[in-house]
Structures are given as structure tokens and as C-alpha cells.
> 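Shown below is the structure under consideration.
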Protein chains: 2
Amino acid sequence: MTDAGRFHVDPAISILAAGMPSLSPDDFQALCHLRVVHRFIGRGRSLLSAGEPFQRLRIIVKGWAMHSRRHHDRRQILDLMLAGDVIGLETDGQHLPLTDVEALTPCEVGEIDLKSLHRIALRSPGIAGGLTRIVAKQLARAEDQILRLGQMTAYERVCHVLLDIHDRQRAAGIDGKPVDFPVTQTVLAALLGLSVVHVNRQVMRLREEGLIVLTRQQLVLCAPERMASIAGIRPLDRGGSSTLAVAAE
Amino acid sequence: MTDAGRFHVDPAISILAAGMPSLSPDDFQALCHLRVVHRFIGRGRSLLSAGEPFQRLRIIVKGWAMHSRRHHDRRQILDLMLAGDVIGLETDGQHLPLTDVEALTPCEVGEIDLKSLHRIALRSPGIAGGLTRIVAKQLARAEDQILRLGQMTAYERVCHVLLDIHDRQRAAGIDGKPVDFPVTQTVLAALLGLSVVHVNRQVMRLREEGLIVLTRQQLVLCAPERMASIAGIRPLDRGGSSTLAVAAE
DNA sequence: CGAGGATTTGAGTTGTATCAAGAGTCGTGG
DNA sequence: CCACGACTCTTGATACAACTCAAATCCTCG
């Protein structure tokens, strides 16, 4: 960890650095020289709009946002974004963004000029590698989401996403403690590809079973291990017997 | 384009370079010095197994594979992989892969030592940036898949994925010409999160409507623009009126 | 205190899965 | 060369998961 600076380091920078595994002190210094513009975004306001050109990477310093993509009048939330998450690396700088990012709560965002970032990445290999790592983590999360949407029932999806939200706030997780949850069921529905009504029924069911306590702003998991086993995909055989399994030796 | 080499360049390398936008001649030279091991993988054999350590990036030079993830006895195909696709960048080299890659047809694979690749990336910023771009493209494809699974009906999913498979082989696409299609309906089902039976019904419907000609090994799109409009998400209002739309000015 | 959203519940409908079974296809070995 | 086994593809019947519509609270914020 190179980011324990005794100097004043912009929080957006230290968040960015935290996602990069092997920064040399020089790399870290280079990062610190980047100019960070801080913006405060109200609930419901846009941090990034599909189709609009943008020059700056955005780092969420505080607050929650949702990353979504729309097609006609429907929208699919790709992922929730919490403090520490980064948006803006997925394009090559030429293309316009395909996705929207909207604040779920008031947000503080640090913005860094992409050109400058790429310029210093040219000289700091650790930074270039770090950027790859950040995108790779986003890819891993996207794959989780694919698994949720493709293979899990509504009940399982809700369990899985609640666990995820819980774990992201409590990396060293202790059970039974509340975590922030500024997520309406409408948002959950758009995230999980379900109707609001059906999400509500699953939430109700989880409550009746005593697995969660969910208020407007807080979430408590009463039995995370039970929920984990629910989220662990159910026993079924949609995939069938041994499709294409040509007896690997 | 730096990869029009007059020297002998390993096809795996030129494929890799093609995915990197701004390679300097030096960067390209550095890439060419990498040692590439070519392997030939039979249909149904594994190119990469979840949980097994691996040291080498894999580049599909020829053939089709599927990239999937399993949980218990279910499997979700994350994406199909065609010639030019790359696997192995998503981990930091420390972690084990979470995903499987299996050959759908006999494949030729070029393998490059990840450590060596990362070593030269440290000195060739264009390469480091290129790696980010490759992962970013994978992320964009994953987001497409999320949209398919989260928002589209079975009929739309099949349309969308057939269009996708078609376009990937015919980037400068002409209609009415057949493209390779070594994909069973069982595989389609695992990709689209549907049952085989239901996939079959959608394929039958597309045939009856004269939109596709689909044989065991080939696909013809008879009216790609009609299919595109089908795949463009259906008119519905699952998302609701203006959730969280705090009248953006 | 009014309004717009969020949550909750009910009733009915539709999409998709499961089960089952027959026909077509392919590769392999006798 | 044919027969066998193992996948595929196809179709029908039925069951269940999830959606739609509708309406009644309940919040929350202006």
C-alpha cells in the first residue's frame, strides 16, 4: 500500500490508488499531481449521460449511484456504484458513453481529466496496469450480474444482491449490524430485471422468514449464511446432463 | 495500424495487436518478441478451468469456444468466443480463474506467458493501454449480455444473439449471406438463460416468419433490419414512469 | 396539508420451465 | 457397411414463476 501519504492527498486519488495493486512510489506521486475537480450531485441528478461526450473520469467519493443502460423506454441497471467506484474507463476516449450514471443519494464525485490520466499512464506502468485491474474488477462484477439474471429465481436474486450490497460495505463483515441501504424496491427491480411488485413479494418473504430487517435506509442481515446458501444457485438441471462433455480424459 | 508486418508475425500476436488501438512500432516489436505456444484443442475440451491456476494468456486463433461460469450444477455461458478473442486478463495473476472456457469446435489457441506480457507492458505503455482496451471491450459485451438477460423476452434474446453472432463474423456485414454457426440450441439456451425447449420454439417461430435460415452449421439472416427492430427492446413499462427522475432541468 | 412516490396486497394472465416422447443426425466400432 | 448409442431437434401437455392491472396505505418532502 503506497497510499498512506503524510501529505495531503485528494480522497479521490487515494481511492483510485487503492484499486491499483502495485503502484511504485513514483507512480503514486504522479497520480497525486493530477488535478481533481470535485462536484456535488443531487439525488436523481445525472453523473454521466449516454451519448454525451465527456472528458473526465469520475470517482465516487461519497454517496450512491446507479449505472444503467437504456434501450427505448426500458432501463437495466448494470450495477450499483458506491464510494470508491469509478466510471469512465470503458470507452477509448473516442466513443461516447453508452450508459447513464445517476445519483441515488447526494454524491460527491472527483473528476480527473482522462487525457491527463492516460498521459501519465504512458510513463507510469504501474498506473496503466492499475487501470486494467480496475476495469477487470468491473468485468468480474458484470459477470456476477449475468449469473444472477441468467440463472437465479427472483427470490435468489434478491438474496444475492442484498448479500452483495452488505458485503461491499462491510468487507470485513460482521453479521447483524445494519448497513446503509438507500435503494428503493423500484431500483432493485430495475437492477434484477424483475417487476417492482414481484421484488416486493420476495422482500416480504425474506422478512417473514426472519432473514432480513429492511427499512427505507437500512438493511440488516439476520442470517447471512442462510441467505448465502439460498443465493448459491438452486438445484435444478436446466443445463442438462453433460452437454458437450466429451469425457475430458 | 502497426501490425502490417513484412516479417513473419505470429497470428496470435497480430490478433492481439489488432485489439490495441495505439501501438507504437516499438510496442509492436516488443509484442513480436513474445513467445507464443500454439495448442490445438478438440471439441468439448477445456481451454481453461475454473479454479485451476494458469500462467498463460489464451488467444483464440481459430475456432469457437464458450466462456462460462458455474455454480453448483448450473452453468451460465457468459459469452461466445470467436477467433480473435482473448481470455486470461481478468485476474490479477494471483487469483484463480472463476470461469471455464470450453471449445465448441476444434480450436487453435495461442498462449502467451502472462508474466512476460506484463513485464513488457511495464516498458511499453501502448501495450498496457491496449490491455485495458481489450478488457474494456469484454466489459461492453458483458453489459450487452446483462441487457439481454435482464430486459428482453425469449424471442428478443434469440434475435439479438443471432444478430450479434452474425455481426461478429461480418463486421462489414452484407445481408443474406450465410455465416458459420456451430452452436447447438442447448448452448444457446445456456447463453440466454432459457430452457432448450423454449429456445427451440423461438427458433421455430423465427423460421416460420421467414427471418432466418438456420441449419446445423450455418445461419442466414433474411431480414436483419426486421430482426434488429425486434431485438430493440419491446415497448413495455416495467421501469415505470419517471422513477427518480427529479426533473433534470 | 397536499401530491407524488414507495410499499403492500389481491386477482387474473402470460411467459417460460418441466416432463415426456418421437424423429433426425452423427460418430464409432463391429 | 450397417447398427448402435448419444446427442440433438421437435412437438405436445401441464405446472409454475413472474408480469400486469388495480387499488389501498404509507411516507416524505415541498
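These numbers were taken from a predicted model, which means no experiment stands behind them.
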> Indicate yes or no: at least one non-hydrogen side-chain atom of L211(B) is less than 4.5 angstrom from one of L221(B).
no
> What is the distance from CD of Q185(B) to P of dA23(C), rounded to the nearest Å?
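Distance check: Q185(B) CD to dA23(C) P gives 19 Å.
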> Can a side chain N or O of R207(A) be found less than 4.0 Å away from OP1 or OP2 on dT8(C)?
yes
> Return whichever of V199(A) or M204(B) has its heavy-atom-nearest nucleotide of DNA chain D closer to the 5' end.
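The residue closer to the strand's 5' end, by nearest nucleotide, is M204(B).
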> Between C1' on dA6(C) and CG on L104(A), what's the gap in Å once rounded to a whole number?
14 Å
> Mind calculating the distance between CG (L194(B)) and C1' (dA17(D)) to the nearest angstrom?
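The answer, rounded to whole Å, is 14 Å.
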> Would you kindly give the OH-to-P distance between Y155(B) and dT16(C), to the nearest whole Å?
13 Å
> What is the nucleic acid contact for V197(A), judged by heavy atoms within less than 4.0 Å: base, sugar-phosphate only, or nothing?
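Answer is base: heavy atoms of V197(A) come under 4.0 Å of a base.
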> Does dC9(D) have its OP1 or OP2 closer than 4.0 Å to a side-chain nitrogen or oxygen of N200(B)?
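False: N200(B) side-chain N/O out of range (4.0 Å or more) of dC9(D) OP1/OP2.
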> Roughly how many Å is it from CE in M152(A) to C1' in dA17(C), rounded to a whole number?
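Checked: the CE to C1' distance equals 18 Å.
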> State, with a plain yes or no, whether a side-chain heavy atom of V179(B) is found less than 4.5 Å away from one of R170(B).
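Yes, at least one pair of side-chain atoms sits under 4.5 Å.
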> For R157(A) and for V183(B), find the nucleotide of DNA chain D with the closest heavy atom, then tell me which residue's nucleotide is more 5'.
V183(B)
> Nearest whole Å is fine: how far is dA17(D) P from R205(A) CZ?
9 Å
> Check the phosphate of dT28(D) against R216(A), side-chain N and O only, distance under 4.0 Å to OP1 or OP2. Yes or no?
yes
> Atom CD of Q202(A) and atom C1' of dA17(D): how far apart are they, to the nearest Å?
9 Å
> Counting side-chain heavy atoms from C-beta on, which of dC9(D), dG12(D), dA6(C) comes nearest to R201(B)?
dG12(D)
> Do Q169(A) and D180(A) make a side-chain contact, defined as non-hydrogen atoms from C-beta onward lying under 4.5 Å apart?
yes
> How many whole angstroms separate atom CD of E156(A) from atom P of dA17(D)?
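Computing the E156(A):CD to dA17(D):P distance gives 11 Å.
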> More than 12 foreign heavy atoms under 6.0 Å from CZ of R226(B): is that the case here?
no
> Determine whether H71(B) and Q151(A) make a side-chain contact, defined as any pair of heavy atoms from C-beta on separated by less than 4.5 Å.
no
